[in-house]
Protein chains: 2
Amino acid sequence: MKVEKISELTTNRLSIYLRCLNDLAAQGAKTVSSDGLAKKFHLNSAQIRKDLAYFGEFGVRGVGYYIDDLRKHLTKILGLDKKHCVGIIGAGRLGTALADYYGFAQSNFSVAALFDADQDKIGQKVGTVEIFDIKSFAETVKKYKIDVAVIAVPAEFAQDVLEQITNSGIKAVMNFAPIPLRAKGDVKIKNVDLTISLESLSYFLAKPSNKNGKILKPNAAKSRIKQ
Amino acid sequence: MKVEKISELTTNRLSIYLRCLNDLAAQGAKTVSSDGLAKKFHLNSAQIRKDLAYFGEFGVRGVGYYIDDLRKHLTKILGLDKKHCVGIIGAGRLGTALADYYGFAQSNFSVAALFDADQDKIGQKVGTVEIFDIKSFAETVKKYKIDVAVIAVPAEFAQDVLEQITNSGIKAVMNFAPIPLRAKGDVKIKNVDLTISLESLSYFLAKPSNKNGKILKPNAAKSRIKQ
DNA sequence: AATTTATGTTTCAAGTGTGAAACAAAAGGA
DNA sequence: TCCTTTTGTTTCACACTTGAAACATAAATT
């Protein structure tokens, strides 16, 4: 078992392994080998063993892994056995959609509050979640023991909002604003930039090497200036 | 100007550059140097120049970049000057939320149709977008000239849905199902796995090295089995 | 007891992305 | 005309991730 610092790519794969195991468990399987797992879900068996080895020895030589056992370990490693309270800043379309996004509940997160600056929205409810004045952010965070913040405001406000979040002592932030925010100190920020993803698809559809689509225009690559 | 294949990380940065330029343009700036851009938005000037150089010579030595000019070039490179039609498969919470997500409209995408298998939902409308029977997928795609698909169904159906999508000739797919789908042939898939992002935050909050939080339990790392 | 199976672990090569450094070339200003 | 600025371009070193290979070790089976 190693003690080096663990890459985020590794923990991301742990999430995937856990889902695969849930799948197998639902099908009634009791054990699985790294090879079996790899073949079934298009993974790499050596990598599975390596990833798991960062955290302990969970397998049994000659047998493989006891699925229920490994699920419990991964659940604990990923912290999915502990509840967290989420505050969503920005009660616009995205924010309100996220407020009753079932993915939060599926994981160990529950949405405790929405925040907005718009006086018309404050006091209203989205599902069971109340919209609070952003001015009362720090108090409300304390009151509801919010430890995860979701940024769902326009890009121009994101940096300010992040500052408020970090000032309130929250250490985990998910940012949906289309601007990459950098973590300061021991705060973890996950940027989920849908705009970049969309524009990445747009680029793919438009790029000259995309011969099969009818989108291709000759000389689209020659965007060179001659002045 | 190079002709090598271009990394997705590069085009992702182009998206970011474009937003920064839009920012500057809104502030009335006319030109900007790679250094100025880098300092203002915490980027790397050498990388900016390198990224842009893949696509042409857009700058003016001794001056920098003419902002409007570069915006036009980036818009064209990213294909943001061409409209695309989006079909969303899965009219659940996420699917319907995405149906009127303003981010689509902000980019060059417009949502043309939702699809679902639930007979109760078919025929209803979400905003201006109608929900169609998934059985009529191929026809509807043709009818509305849909060229981008969004998968917003539970994980267990995602692979089947992807097959239908590729069979219909669509080349660009955004997958929100919590299972990484692999692209076949010349189909581009962007996986947006919110579950992984959430569990990544969960891991961060739970991990033993996170000394400041009160979540820490001694020996949490020693999940080693002795049997 | 011997064999088989599959983990745990190390090592290595290959590929990729990043960022610094250096420099020629072009444009504008003094 | 000379100098300054800044791009365009190459080169290099560094870091990181992946995936293959090899092998000792442990458990189960025959």
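The structure displayed is predicted, hence computed values, not measured ones. So that the names make sense, note that chain A is the first sequence line, chain B the second, and so on, each numbered from 1.
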For the pair A:E8 and A:K188, evaluate salt bridge (Lys or Arg N to Asp or Glu O under 4.0 Å) and give the outcome as yes or no after the intermediate values. CA-CA 11 Å; A:E8 180 152 337; A:K188 173 86 170 178; 2.5 Å; yes

Whole angstrom value for the distance that separates P of D:dT18 from CD1 of A:I6: 14 Å

If you measure from the Lys or Arg side-chain nitrogens to the Asp or Glu carboxylate oxygens, is any gap between B:K171 and B:D147 under 4.0 Å? no

Pick the nucleotide of DNA chain D nearest each of B:L52 and B:G62; which residue has the one closer to the 5' end? B:G62

Sequence neighbours excluded and cut-off under 3.5 Å, please list the side-chain donor-acceptor pairs for residues 28-37 of chain A, or say none.
unit_1: A:S33; atom_1: OG; unit_2: A:D35; atom_2: N; d: 3.4
unit_1: A:S33; atom_1: OG; unit_2: A:G36; atom_2: N; d: 2.9
unit_1: A:S34; atom_1: OG; unit_2: A:R49; atom_2: NH1; d: 3.1
unit_1: A:D35; atom_1: OD1; unit_2: A:S45; atom_2: OG; d: 3.2
unit_1: A:D35; atom_1: OD2; unit_2: A:K39; atom_2: NZ; d: 3.1

Atom-pair distance (CD1 on A:I67; P on C:dT7), nearest Å: 12 Å

Contacts of A:A46 and A:G64 projected onto DNA chain C by closest heavy atom; the upstream (5') one is A:G64

Figure out the CG/C1' separation between B:D51 and D:dT9, and round it to whole Å. 14 Å

Using OP1 and OP2 only, check whether a side-chain N or O of A:R49 sits under 4.0 Å from C:dT7. yes

Rounded to whole Å, please give me the gap between CG in A:L43 and C1' in D:dT17. 16 Å

Please give, in whole Å, the distance from D:dT6 C1' to B:F58 CZ? 17 Å

Measure from CD1 on A:I48 to P on D:dA20 and round the result to the nearest Å. 13 Å

For B:F204 and A:V187 the tightest heavy-atom approach is CZ-C, 4.4 Å

Side chain to side chain contact (heavy atoms under 4.5 Å, CB included) partners of A:K145, counting only residues at least two apart: none

Every protein N/O within reach of nucleotides 11-17 of chain C N/O, cut-off under 3.5 Å:
unit_1: C:dG17; atom_1: OP1; unit_2: B:S7; atom_2: OG; d: 3.1

Please determine whether a side-chain nitrogen or oxygen atom of A:N44 lies at a distance below 4.0 Å from atom OP1 or OP2 of D:dA20. yes

Is the shortest side-chain N to carboxylate O distance from B:D69 to B:K72 below 4.0 Å? no

Residues from residues 19-40 of chain B sitting under 4.0 Å of DNA chain D, heavy atoms only? B:S33, B:S34

Residues that A:Q47 engages under side chain to side chain contact (heavy atoms under 4.5 Å, CB included), provided they are two or more places apart: A:R13, A:Y17, A:N44, A:D51

Determine whether a donor-acceptor pair (one donor, one acceptor, N or O, separation below 3.5 Å) exists between the side chain of B:R61 and the base of D:dT7. yes

Gap between atoms CD and P, on A:E57 and C:dG8 respectively (whole Å): 6 Å

Looking at C:dT7, I'd like to know if its phosphate oxygens (OP1 or OP2) sit under 4.0 Å from a side-chain N or O belonging to A:Y66. no

Checking B:E156 now: which residues fulfil salt bridge (charged side-chain N to carboxylate O under 4.0 Å, His left out) with it, not counting sequence neighbours? none

Would one find more than 12 heavy atoms of other residues, nucleotides or ligands at under 6.0 Å from atom CZ of A:F41? yes

A:Y65 OH to D:dA26 C1': how many Å, rounded? 13 Å

